[in-house]
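Order of the sequence lines sets the chain letters (A, B, ...), proteins ahead of strands, with each chain counted from 1.
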Amino acid sequence: MNWIFRISPRIIILFNPVILSKEYRMCALQTRRPNGHSISKTVFETTLRLSAFAALALLLGCDQSANRTAAAKAPPVIKTKSGTEMVLLPAGEFAMGSRSGNADEAPVHKVSVSAFLMDRCEVTQEQYEKLELPHPSHFRAPSNPVEMIGWGQAIAFCNARSRAEGLRACYNEETGTCDFDADGYRLPTEAEWEYACRAGTTQDYSFGGDPRSAGQYAWFDENAARQTHPVGQKKPNPWGLYDLHGNVAEWCNDPYDKDYYSASPSRNPRGPREGTRYALRGGAWNSKVKGLRSSARIGETPGFQDACFARDAIGFRCTRSAPDETKGKIP
Amino acid sequence: MNMSPQGVEQIRAAERSACSRFAAAVLTAALLALPGQAAGTAQPAGATPLLLQELKTCPHKIVFETFRDGNWEIYIMNADGSNPVNLTRTPDADEFYPKASPDGSKICFVVDEGKGAAKARNLYLMNLDGTQRSKIADNAREPCWSADSQSVAYLPAEFKKWDAMDYVTKGLVIYDLKTGAHRPHPNPNIHHLYCLNWTPDGKWFVATVHGGMGFSHAILALESEGEKVFDLGLGGCRPDVSPDGKRVIWGHGDFSVGLASLDFRPGSAKATFLHNVVESKEPNETYHADWSPDSKYIAFTRGAKRKDRKMGLAPEIPGSDAPGWDICVADAAATNRWVAITLDGNSNKEPDWVFVKSAGGK
C-alpha cells in the first residue's frame, strides 16, 4: 500500500511502508515532471526534498527526522575480490563523544577522518572458514559473526584477508603495529568507527534518540535470546552499515584510554600509542540498550597470549583506507 | 660458673637445634646443585626444596617437551629432574606433546614436519628409549592412551593447513596398536577439543573444548562409545584424570592447579571441586598438570607470559617457545608444596609421568 502526500502541484511524496523497511529506501520521493515522466530518488539529495521529508515526518509523528537531516545519502557499496561488501565512506567531520554519556565519552570534540572502506557487516564465521582460519565461535552458524576473538586474532585475520586478495598487509603480528599507508585490511580506529556508526547523525543512536526503536536495528539483551544472530538481518544505519549497534561488540585498532578525548588530535586520531586495554564499540547481544549508543566506549583486555580467550560477545569488522582517487580532502 | 642440670640441657637443646638448622641448610644447598640443573640457579620463591629429597626415592620418570639447541625435542628425566636424556635428537624436526603409555613402554607424541605450505603436524609412536619411531596418523594431535596401553585416541586437525593452536581439531579417532586400524568416535559433532584424556575404565573421554559443540570454553566428559556430552563445570582448561579415574586436576585459571572429584555414572558425569593444589601469583602461570602413576605427585609447568613479544602464541601452547618456563612437581596431598625440577628455563613444558615397572607395579 502506498501513501501519497501532495507537497505542491508538481511534487508528491510516495510513502510505502514496505519500502520503508528496506535498506536505502526508507522513503522514496517521486518528482513529476511537466512531460509526465517520474524519477525516484533518495530523499536527502536536495534542500527541497529535505523539507518535504521533514513535512512527512511531522505528518507521521516520526521523531527521527532531526537525527537524519544531517545524514548524507547512502554512500556506494563495493564488492571486494573475495565478494565481501564494503561501504565507501567519504571523508568528513563530526562531533565525537557525548555530553550525556559516560565520563570516557567526554569532552565532545570535532574530528575529521579521511575516506575509507568499511565492511558492511561484521566478519562472519563463513569468511574465516573460507580462509581456512580457525575460529572458536560459540554460536555456530556460517552467517553469524565470528566471536571469542582476541584483538591479536582479529588483526591476524585482517592480514590473512589482505594477502588472499593480493593487498599489502597492514599489521606486524608480533608487535601489533599498524601501517596505515598499506592498502590492506585493518581494524577501524575509534574515530572511524564512530563516524561510520553516526553516519551524519547526532543523537544517541544512528536511528535517533529513542532507545525504544533499538529492536529494529540491533540484537541486544532485550531481543537476542542470549546469542548472536546472522549478520545484516536488522535495519542498516543511514549509510547502509549493518549491526553497528549490537550483535557482537567490535574491536577497534586503538588502545583504550578513558581520558584520550581530552588530548585527541582532531585529524584522523588513532588512539594512544600503547595501552593494556583496547577499544570495543557498539555493544553486543548481551548489552543493555545504553551500551549500544554510537559514542559508548569499552576498554577490554585484548587477550594477547591468552589461549583461552573466551568472550562470546566480541567480534569485529574490517576497514581499508580508501584508494587515493577517492580520499578527498579533510575539511 | 656452675649451671643447673636444667640449664645445661637447654644449652644442649639449643646446640642440637642449631646443628639441625645447619644440616638442613647444607642439605638444601646440596639438593639445589643436583645434576641436570643449571649451575648457579636457585629454586623459585615459594618452592619447597626439601621435596626434592623425597622425589629422589620416586621410581617414576617424566617426559617433557623442551626447546634446546634451536629446536624442539622430547626429553626424559628422573622425578627429581636428574639425568635428563634427549629421546628424539632430530635437528630437522620439532617434537613435542609426549604422552607415555600407562605400562611405561611407549611414548606417543606429535611432530611438526616440513616447511611453508607443506608444514604438517603428525602423530608418532616410539619406544621409551626413543627407538622404533613410527608415524601413526597424518595431520593429528593431542593424543592419549587407553588404560591397557593398546590404543591411542587422538584428534584430527580441523584444516589441512598447519595451525599451531591446540584446539584446531575436528572429530576424535581411536587407533588400535595391534591391528593398525583407525576408528572414528561415534559422535559426529566433536569439534575443537584439546587436551584429551581417556578414563581408566575406558568409558569416558575428558577434554577441554574451546568454541565448539555449543560451548564457549569448558572441560567436558564425553561418552567413549556414545554421543552424550557433559560439562564438568570446572573453570579453566587442560584436565588430567587420575590413574584410578576418581579425580581430575586442571589449570584452574592461569595461576592455579585445581583438584576435583569425578563422579561418572551411566548417563551422567560431574565433578566436585575440592581445592587448589598449587596457587601461583602474577606473573608466573601454572599449566599442564599431570598425575604421577601412584597419584602421589602432580607435575606441572610454571612460567610467565613473554615480555619480549606482545602477541603471538601463548607460551602454554605446545610447540610455542616459552623462555623461563620450567617443570615442577607438587605434593598432591598438600597445598603449595612444590619444587622446580628443571631450572634452565629452556621452554620445559608438557610434563607426562612415565610408569617404571621396577617400582613394583601400580
* Asked: Less than 6.0 Å separating the ring centroids of B:His192 and B:Phe215?
  -> no
* Heavy-atom contact with chain A under 4.5 Å, split by part of B:Leu313 -> backbone
* Structure fact -> Honestly, the part of A:Gln153 sitting under 4.5 Å from a heavy atom of chain B is side chain
* Asked: With respect to A:Asp119, which candidate in A:Arg161, A:Arg320, A:Arg317 satisfies the salt bridge (charged side-chain N to carboxylate O under 4.0 Å, His left out) definition?
  -> A:Arg161
* Asked: Should the ring pair A:Phe157 and A:Phe316 be called parallel, tilted or perpendicular, given that the plane angle runs from 0 to 90° and is split at 30 and 60?
  -> perpendicular
* May I ask you to check whether B:Tyr97 and B:Glu142 show a side-chain donor-acceptor distance below 3.5 Å? => yes
* Part of A:Ile149 within contact of chain B (heavy atom distance under 4.5 Å) -> neither
* Name the region of B:Tyr287, side chain, backbone, both or neither, that has any atom closer than 4.5 Å to a heavy atom of chain A. => neither
* Assess the side chains of A:Tyr260 and A:Asp254: does a donor N or O sit below 3.5 Å from an acceptor N or O? => no
* Counting only heavy atoms closer than 4.5 Å, note whether A:Glu173 contacts chain B via side chain, backbone, both or neither. => backbone
